[in-house]
Amino acid sequence: MTDSKRPNLTVQLAELKHIDGIIALSRRVYPEEPPYTRGQISGHINTFPEGVFVALYDGEVVGYAASTVLKEHRVMNQHTWSEVTGGGYGSQYTGDGDWLYGMEVMVEPSRRRLRIGKRLYQARERLCTDHELKGIAFGGRMPGYRRVRNPWPSPERYLEAVTEGEVRDPVINFQMKSGFEPIRVLRNYAPEDKASGGHAVLMVWRNHQLDEYADAQPVTRRNTEVVRVASVQLLARTLKTPEEFYQNVDYFVNIASEYGADFVVFPEHFTLQLLSCEDEELPPERAIQRASEHTEDFVERMQQMALSRAINIIGGSHATVTEDGDIQNVAHVFLRDGAVFRQEKLHPTPDERSSWNIKGGDGIEVIPTDCGPVGVLVCYDSEFPEAARSLADQGARIMFVPYNTDTRHGHLRVRYCCAARAVENQCYVVTSGMVGNLDNVSNIDIQYAQSAILTPCDFPFARDGIAAEASENVEMIIVADLNLATVGWARAQGSVRNLRDRRFDLYRTRWSDGG
């Protein structure tokens, strides 16, 4: 189920109805320059509608990216912004061109912490690969040039100094970190850009899905069918304040985002660390009630992390009081567009029932994400094949399993069952467990984990069905790229086809909702 009536932040194709918002945005972004005109924005949208994106935050335009398509010889030779954009109208679009050229990227100054620019660049990358273009190019600013031009009197020498690490330029270095390669200085590219001396740097990102670039493909460039996932094996900490908890979580969220992950998953009951801030150890039932009192702040803080870090967060699990007064163990999923979903643990363990009086949820559903539908199985749920099978039938190709076990045999129960779920449903299963000891919190004193990213066992996957694996009982993060197309192949043509070969004439599982 979702906790959010509508997504807060979306990136979509721009439409003519967005023009007023785009012009208003340009006034805020470029207060010292004339804003874009209605005719210029209309030209962008009408000439190449697939190449123009807006970012909307609660319906307000907070980001804009406009692109065109040009021939390689025009891109790689000296040119000015006015020449390649047709005076800002996008009229130089060439239908049989081979490079996507970025004409503009604008981000609302007050919303920069939401990584809107990163989302717009990702939309461009998808467009480039979908159209099988050679890459993306644009004239990038070099705003540090005017400030330090005395030691490096020419823009070419300044660019060389930046690439060799002698000096730092905030824009050039950011673009290089984002995977763009500086090719050459574009002299007099934008005369009104005084900080850059009127010059720019031709920045290039190459589409490594094309055969001509295959040999040089870096690990950070992925097929659009590939989803990068990160699992955090978190160390339980005794805290002085709740702020310590959120700072630590945000650290790992940021790391996963910096590594280009689409998802990051945390362990089951990881919010119980908040109880270590209490003056005294609370008895189990009171402790779980107290943990639930953090729910509103937890959801708000995690939702903001997902937005600001531009990553989907599987928020472990958190004890939550329901509307009817019951306590449930709930996995909150925070999407990078601002939406929040919940999946209750269906099967509380005997200890959860007796110590904390936790009740089981009533159903299981896939969660729609920008990487396709995913499923969440909270710890013990992974030991019931019916739950995972339902998610697979609903379309999930990735299942996330936040878990918390105190002993090795408890961990292995989860691990073996998750491996079985990956095989029998021909899907990926990502586990995340907690490690270490936790003082001042009853019933969760010790933890044992070896988190993993598991695959089906067939030729295209990891030989042992393990895409990545953490070290035992050590705080760390693991990352893997999961090819969703390979799952589709395995289900249709694999050595075994568990989903297809079921005997519906002999057996089936019927859920209370009729499914």
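Side-chain contact of D458 with S495: a donor-acceptor pair under 3.5 Å is present, judged by distance alone. Side-chain contact, T322 with D326: no donor N or O sits under 3.5 Å from an acceptor N or O. At a cut-off of 3.5 Å, with distance as the only test, no side-chain donor of E386 or S390 sits close to an acceptor on the other residue. With no hydrogens or angles considered, a side-chain donor-acceptor pair links T271 and H318 at under 3.5 Å. Residues E243 and T241 have side chains that never bring a donor and an acceptor to within less than 3.5 angstrom of each other.
The side-chain heavy atoms of S276 and D439, taken from C-beta on, include no pair separated by under 4.5 Å. Residues I314 and V376 have side chains in contact (heavy-atom distance under 4.5 Å, counting atoms from C-beta outward). Residues V435 and V474 form no side-chain contact, since every pair of their non-hydrogen atoms from C-beta on lies 4.5 Å or further apart. Between S355 and E285 there is no side-chain heavy-atom pair separated by less than 4.5 Å. When side chains are defined from C-beta on, Q233 does not count as touching M434, because their heavy atoms never get closer than 4.5 Å.
Remark: R115 engages E258 in a salt bridge, criterion side-chain N to carboxylate O under 4.0 Å. Salt-bridge check for E125 with K118: failed, with every basic side-chain N at 4.0 Å or more from each acidic carboxylate O. Salt bridge annotation for E424-R389: absent, with no cationic side-chain nitrogen under 4.0 angstrom from a carboxylate oxygen. E352 and K345 are joined by a salt bridge, as a carboxylate oxygen and a charged side-chain nitrogen come within less than 4.0 angstrom of each other. A salt bridge links R502 to D393: one of the charged nitrogens lies within less than 4.0 Å of a carboxylate oxygen. The pair R336-D262 counts as a salt bridge, with a side-chain nitrogen and a carboxylate oxygen less than 4.0 angstrom apart. Ionic pairing of R290 and E278 is present here: one or more N-O contacts between side-chain nitrogen and carboxylate oxygen are shorter than 4.0 angstrom.
Ring planes of Y121 and F174: tilted class, angle from 30 to 60°. Ring pair Y380/H347 is perpendicular by interplanar angle, where above 60° counts as perpendicular and below 30° as parallel. Ring-plane geometry between F298 and F334 is classed as perpendicular, the angle between the planes exceeding 60 degrees on a 0 to 90 degree scale with a lower cut at 30.
In this structure, R408 is not positioned above the aromatic face of Y448 in the sense of NZ or CZ being under 6.0 Å from the six-membered ring centre and within 45° of the axis. A cation-pi contact, defined as under 6.0 Å to the ring centre and within 45° of the axis, links R111 to Y57.
Few gaps surround OH on Y507; more than 12 heavy atoms of other groups in view lie less than 6.0 Å from it. Enclosure of atom CD in E164 by more than 12 non-hydrogen atoms of other residues, nucleotides or ligands within 6.0 angstrom is indicated. Counting heavy atoms of neighbouring residues, nucleotides and ligands inside a 6.0 Å radius, atom CD of Q12 exceeds 12 of them.
Checked against the 6.0 Å centroid criterion, the rings of Y101 and F138 do not qualify as a close aromatic pair. When ring centroids are compared, H131 and W99 stay outside the 6.0 Å threshold.
Interatomic distance, CZ of R397 versus SG of C371, reported as 10.0 Å (0.5 Å rounding). Within the model, atoms CD1 of I311 and CG of L335 stand 11.5 Å from one another, a figure rounded to the nearest 0.5 Å.
Between A388 and M399, the shortest heavy-atom distance links the atoms O-CE, 3.1 Å. When all heavy atoms of W205 and C128 are compared, the pair lying nearest together is CZ3-SG, 3.8 Å. Between L346 and G363, the closest heavy-atom pair is CD2-O, 3.4 Å.
For the side-chain hydrogen bond (donor to acceptor under 3.5 Å, both in side chains) criterion with E268, the lone passing option out of N404, T431, N329 is N329.
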* **side-chain hydrogen bond (donor to acceptor under 3.5 Å, both in side chains) evaluation trace for D337 with T10** => CA-CA 6 Å; D337 65 4; T10 58; over 6 Å; no
